[in-house]
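Numbered from 1 within each chain, the chains take letters A, B, ... in sequence-line order. These figures come from a predicted structure and were not determined experimentally.
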There are 2 protein chains.
Amino acid sequence: MARVSNTVRIREALENAIVNGRFAPGARLDPAKLAEEFECSRTPIRDALQQLEASGLVRVHSKQGTFVSEWNVEELAERFEAMAEIEAICARLAARRITREELAELEARHEACRQLADEERIDDYYAENSAFHACIYHATHNGFIAKEAMRLHAMLQPYRRIQLQVRNRVKRSFDEHQAVVTAIRNGDDAAAAKAMRDHVLVQGDRFHDLLAALRSDAPHGPV
Amino acid sequence: MARVSNTVRIREALENAIVNGRFAPGARLDPAKLAEEFECSRTPIRDALQQLEASGLVRVHSKQGTFVSEWNVEELAERFEAMAEIEAICARLAARRITREELAELEARHEACRQLADEERIDDYYAENSAFHACIYHATHNGFIAKEAMRLHAMLQPYRRIQLQVRNRVKRSFDEHQAVVTAIRNGDDAAAAKAMRDHVLVQGDRFHDLLAALRSDAPHGPV
DNA sequence: TGCTGGTTTGTTGTATACAACAGAATGAGG
DNA sequence: CCTCATTCTGTTGTATACAACAAACCAGCA
């Protein structure tokens, strides 16, 4: 493989840092500091940040600074709705087009999720969960849709991360995956779409619950 | 409104130029020439081109040049499929959420399309057609989905342009729109989704036909 | 003639300096 | 003490120069 340019190296590093929570939503990204950290000038940093802005991960306020994207409840709801619909499409196409090998891999990923859920290794489950979804994107046999799905997935990852720590969420998430896998194995595209849409939408709802709980921790109600 | 930066001015100008066909798919975009044309240095040109690459309109081959995106039949089919699914989502959501005012505007646009179709003013129909679709995106009341739909729409515009010149296509396109409008007015989300998906998919198919015809235009059969 | 090696040329990648701008801090005047 | 104009500071936007690289080209040789 050809040596990658500094710009893409930095972009990928920042992408990971944001997705893994090192930079939280709303955090400021200082070009000068980053230039120092990556041992280069501000130009490739600038390019990388612009690319990240295009993909929706960061936002640059002119003359004010560059920040990790942070959305209000409404914007988040919009994105979760979009994600649910895209994932539903993927599930539907996958149910029709998945190959034997791809199905085997999907079920292997699913089984790995079961293990991690049982052992309550949340961080690892979180990673394997992404792989599970990526499997389905791939099985659409539509590279363009798969790429778009990956992009949206990355965009929401920081929030999903918080969300998975809700009580019992991991176990339920696994059960919902089961429904999706079954529908895909049966080639039932409508059922697969519905199961997947519900799976993602419930994440959005749960996230909403979590936000509400966090916000009302002062006035009343149990924390 | 605040004065926009050179970069976004150039990006929008190039976007229009590509969408309107001034730069055909595959055409080379020379930064130096563009810098001269827009009376600025290469930096904002470069930024604009990078943004266009992120949105999928152009493609930069390292050390070789920057070109207007050009897709082979398979890639085009993938994109038309994606477009069909996204548009179907928009139609479905619009059928559930459209307001009285928005419905009125949609029907006005539709009526304008009828006029232009009757008068066989293809170029104008083409513009009004985009507005019609944009109306539906807007009526989803989901800004994020609407924006993504617009992006995809722009990406495919150069190809749709060619496609609309197929014989009788304009009239048929109008009829398909009619089905969508009716379903949305009735609040029948499933029917709206189906009508819209078919409408876009048939574009993809027709485009395929066109390509095939163009390719075998010299003599009939092997070159 | 065909191949191989170096050279040339065009392109992007990167560094750096400066200009322009928005918001914050500061000071004078009421 | 409050208000408003002014200055100041930090940030991005832009220009320009140079480096690095990949493909094309050409000459020399077998």
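Within the structure, side-chain hydrogen bond (donor to acceptor under 3.5 Å, both in side chains) pairs that include any residue of residues 30-47 of chain B comprise A:Arg46-B:Asp47, A:Asp47-B:Arg46, B:Arg22-B:Glu37 (at least two apart or interchain). Sequence neighbours left out, the pairs with a member in residues 82-113 of chain B that pass ring pair (Phe, Tyr, Trp, His ring centres under 6.0 Å) are B:His110-B:Phe132, B:His110-B:Phe174.
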Quick test: give all pairs of protein nitrogen or oxygen and nucleotides 6-10 of chain D nitrogen or oxygen below 3.5 Å, distance rounded to 0.1 Å.
none

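One interatomic measurement links the two molecules: CD1 of B:Ile45 to P of C:dT12, which rounds to 12 Å at whole-angstrom precision. Look at CG on A:Asp47: it is 13 Å from P on C:dT12, rounded to the nearest Å. Rounded to whole Å, the distance from CG on B:Asp30 to C1' on C:dT9 is 14 Å. One can place CD of A:Gln50 at 14 Å from C1' of D:dT11, the figure rounded to the nearest angstrom. The CZ-C1' distance, from A:Arg46 to C:dT12, rounds to 17 Å in whole Å.
For B:Arg97, the salt bridge (charged side-chain N to carboxylate O under 4.0 Å, His left out) partners are A:Glu81, not counting sequence neighbours. B:Asp198 pairs by the side-chain contact (heavy atoms from CB on, under 4.5 Å) definition with B:Lys194, not counting sequence neighbours. Applying the ring pair (Phe, Tyr, Trp, His ring centres under 6.0 Å) rule to A:His138 yields no partners; only residues at least two apart in sequence or on another chain are considered. Listed by chain and number, the residues in a salt bridge (charged side-chain N to carboxylate O under 4.0 Å, His left out) with B:Glu105 are B:Arg109 (sequence neighbours excluded). For A:Glu87, the salt bridge (charged side-chain N to carboxylate O under 4.0 Å, His left out) test picks out no residue, with sequence neighbours left out. In this view, A:Ala112 and A:Glu128 satisfy the side-chain contact (heavy atoms from CB on, under 4.5 Å) rule, not counting sequence neighbours.
Below 30°, between 30° and 60°, or above 60°: for B:His177 and B:Tyr125 the angle between ring planes is below 30°, a parallel geometry.
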Give every donor-acceptor pair under 3.5 Å between a side-chain atom in residues 54-61 of chain B and any protein atom, sequence neighbours left out.
from: B:Ser55; atom 1: OG; to: B:Leu52; atom 2: O; distance (Å): 3.1

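Contact check of residues 32-41 of chain A against DNA chain C (heavy atom, cut-off under 4.0 Å) returns A:Cys40, A:Ser41.
When each of A:Thr43 and A:Gln64 is assigned the nucleotide of DNA chain D with its nearest heavy atom, A:Gln64 is the one assigned upstream, toward the 5' end.
Between A:Thr66 and D:dT12 there is a side-chain polar atom (N or O) within less than 4.0 angstrom of OP1 or OP2. For C:dC21, the OP1/OP2 oxygens have no side-chain nitrogen or oxygen of A:Ser62 closer than 4.0 Å.
The terminal axes of the helix from C:dT1-D:dA30 to C:dG30-D:dC1, fitted over 5 pairs per end, subtend an angle of 0° to the nearest 10°.
When the nucleotides C:dT12, C:dG13, D:dT14 are ranked by their closest atom to the side chain of A:Ser5, C:dG13 comes out on top. When the nucleotides C:dC18, C:dA15, D:dC18 are ranked by their closest atom to the side chain of A:Arg42, C:dC18 comes out on top.
Backbone-only engagement by A:Asn6 is indicated by non-hydrogen atom pairs under 4.0 Å involving sugar-phosphate atoms exclusively.
For A:Glu78 and B:His141, the side-chain atoms include no donor-acceptor pair closer than 3.5 Å.
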